Amino acid sequence: MKFSLDCLHSWNLEPNQAVALQQSLRGRVRAEPFWDDVASIGGVDVGILNGMGRAAVVRLDYVSLQPLEVAVATEQISFPYIPGLLSFREMPVILKALEKLSGLPDVFIVDGHGIAHPRRFGIASHLGVILDKPTIGCAKSILVGSYQYLAEEVGSQADLVAEGEVVGVALRTRRGCKPVIVSVGHRVDLLSAVRLIMTTVRGYRLPEPCRLAHRFASRVSQHYDKDIKIK
DNA sequence: GCGACAG
DNA sequence: ATCTTGTCGC
Ligand SMILES: [Mg+2]
């Protein structure tokens, strides 16, 4: 771990305290053009089996999209699943996995929403603020808001609007598939976020960083661990 | 009060 | 998220 990882706050919170914390941190979120020279991209996801969480953080080469490093960590999940409070359930084990990474990627794509959230502070934004690193939210379904008229062609977009504001984009990443919902996490604006997602899609609905992180965090991988060691 | 509701 | 086989469409 060649980077600092200060938690900002405790994770031992009650749901009402978690909501208050989101309200106090939402002001730190930034949305700005992201044009840095990108060397590597990270994918983040969590799988759960019998109450045990397994986080996978994959760092891939930006050009080849080949995995450079995979960090996995497991931890008992304590916080319940409450829509709008996902980060309090998954972040602890994610941070544990991040500590095992030899270096941080230039930007993270997180499975879940960024500001397409009731309080504009979903898990992607939360991770970005904790690390003060660029993050993007890439969710498989809507938490808040709605969109319309999404064309069938790959690359088609439709604004996701919640309470009168554009909080994300429904993006068709694969023909015949439901779109993914892209939103600002931290330090990456929506335009840059959508571009980055499209450039990391390789024939599947999920962009490679998320697809790989999901594979390494999934139940299949967890079972696989029982027989074979994953480095 | 009722329904929606990331993973 | 997870429980789970086949089935339909691109
Ligand atoms: Mg997930």
Side-chain angles (χ1 to χ4, degrees), chain A residues 11 15 18-19 22 26 29 43-57 72-95 97 108-129 135-147 150-156 160-163 167-186 193 197 201-207 209-226:
Chain A
W11 293 102
V19 169
Q22 293 180 322
R26 60 182 296 180
V29 173
V44 181
D45 193 20
V46 174
I48 295 174
L49 181 59
N50 299 325
M52 188 60 75
R54 173 192 171 104
V57 179
V72 166
T74 58
E75 184 173 292
Q76 189 66 39
I77 296 296
S78 56
F79 204 86
Y81 171 66
I82 299 174
L85 299 179
L86 180 65
S87 62
F88 297 89
R89 180 174 170 81
E90 300 191 340
M91 198 70 82
V93 68
I94 287 174
L95 295 176
F108 287 94
I109 298 179
V110 182
D111 178 43
H113 295 287
I115 66 172
H117 176 280
R119 289 167 292 282
R120 309 292 181 265
F121 201 71
I123 189 168
S125 297
H126 202 156
L127 180 65
V129 166
T135 60
I136 295 168
C138 182
K140 300 180 290 299
S141 64
I142 294 173
L143 173 59
V144 293
S146 62
Y147 66 87
L150 179 61
E152 295 300 326
E153 290 67 43
V154 170
S156 299
L160 176 72
V161 179
E163 291 141 11
V167 296
V169 160
L171 178 65
R172 187 85 68 191
T173 50
R174 175 173 179 160
R175 186 96 191 177
C177 284
K178 177 179 172 178
V180 294
I181 307 299
V182 181
S183 63
V184 169
H186 185 49
I197 293 294
V201 164
R202 288 295 130 93
Y204 294 90
R205 176 161 85 123
L206 299 183
C210 286
R211 196 175 71 82
L212 292 182
H214 188 275
R215 277 183 27 167
F216 284 108
S218 80
R219 183 174 60 84
V220 174
S221 288
Q222 294 181 40
H223 281 141
Y224 190 65
D225 279 359
K226 293 178 180 175

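Quick caveat, the model's predicted, so the values are computed rather than measured. Letters A, B, ... mirror the listed sequences (proteins, then strands); counts begin at 1.
Scanning DNA chain C for stems, defined as runs of 3 or more consecutive Watson-Crick or G-U wobble pairs whose donor-acceptor distances all fall under 3.5 Å, gives no such range. With a cut-off of 3.5 Å on both pairing distances, the Watson-Crick and G-U wobble pairs of DNA chain B never assemble into a stem of 3 or more.
At a threshold of 4.0 angstrom between heavy atoms, the contacts of A:I142 are confined to the sugar-phosphate backbone, with no base atom among them.
Looking at residues two or more places apart in sequence or on another chain, you find a side chain to side chain donor-acceptor pair (under 3.5 Å) between A:R26 and A:Q23. Qualifying side chain to side chain contact (heavy atoms under 4.5 Å, CB included) partners for A:A193, counting only residues two or more places apart in sequence or in other chains: A:I136, A:V182, A:V188. Partners of A:H117 according to the side chain to side chain donor-acceptor pair (under 3.5 Å) rule, which considers only residues two or more places apart in sequence or in another chain, do not exist here. Checked against salt bridge (charged side-chain N to carboxylate O under 4.0 Å, His left out), A:D45 has no partners two or more places apart in sequence or in another chain. Take A:H113 and apply the ring-ring contact (aromatic ring centres under 6.0 Å, His included) test, not counting sequence neighbours, and it matches no residue.
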Counting primed atoms plus P, OP1 and OP2 as sugar-phosphate and everything else as base, spell out the protein contacts along nucleotides 5-10 of chain C at 4.0 Å heavy-atom distance: B, S or - for each nucleotide, 5' to 3'. -----S

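Non-hydrogen atoms lying under 4.0 Å from DNA chain B are contributed by A:Y81, A:P83, A:G84, A:L85, A:L86, all within residues 78-87 of chain A.
The line from CG of A:L85 to CD1 of A:I123 is 11.0 Å long, rounded to the nearest 0.5 Å. In this structure, the separation between CG on A:L206 and CG on A:D111 is 7.0 Å, given to the nearest 0.5 Å.
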For residues 75-84 of chain A, which side-chain donor-acceptor pairs fall under 3.5 Å, sequence neighbours excluded?
residue : atom : partner : partner atom : Å
A:Q76   : NE2  : A:G51   : O            : 2.9

Counting only pairs under 3.5 Å, give me each side-chain donor-acceptor contact of residues 170-180 of chain A, with atom names and distances, residues two or more places apart or in other chains.
residue : atom : partner : partner atom : Å
A:R172  : NE   : A:A151  : O            : 3.1
A:R172  : NH1  : A:C177  : O            : 2.7
A:R172  : NH2  : A:L150  : O            : 3.3
A:R172  : NH2  : A:A151  : O            : 3.2
A:T173  : OG1  : A:R205  : O            : 2.6
A:R174  : NH1  : A:G203  : O            : 3.3

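Contact annotation: A:K140 does not reach the phosphate of B:dA6 (side-chain N/O to OP1 or OP2, under 4.0 Å). Checking the phosphate oxygens (OP1, OP2) of B:dC5, no side-chain nitrogen or oxygen of A:S141 falls inside 4.0 Å. Note on A:H113: every side-chain N or O is 4.0 Å or more away from OP1 and OP2 of B:dG7.
For residues 112-128 of chain A, every residue pair satisfying the salt bridge (Lys or Arg N to Asp or Glu O under 4.0 Å) rule, not counting sequence neighbours, is listed here: A:R120-A:E163, A:R120-A:E165.
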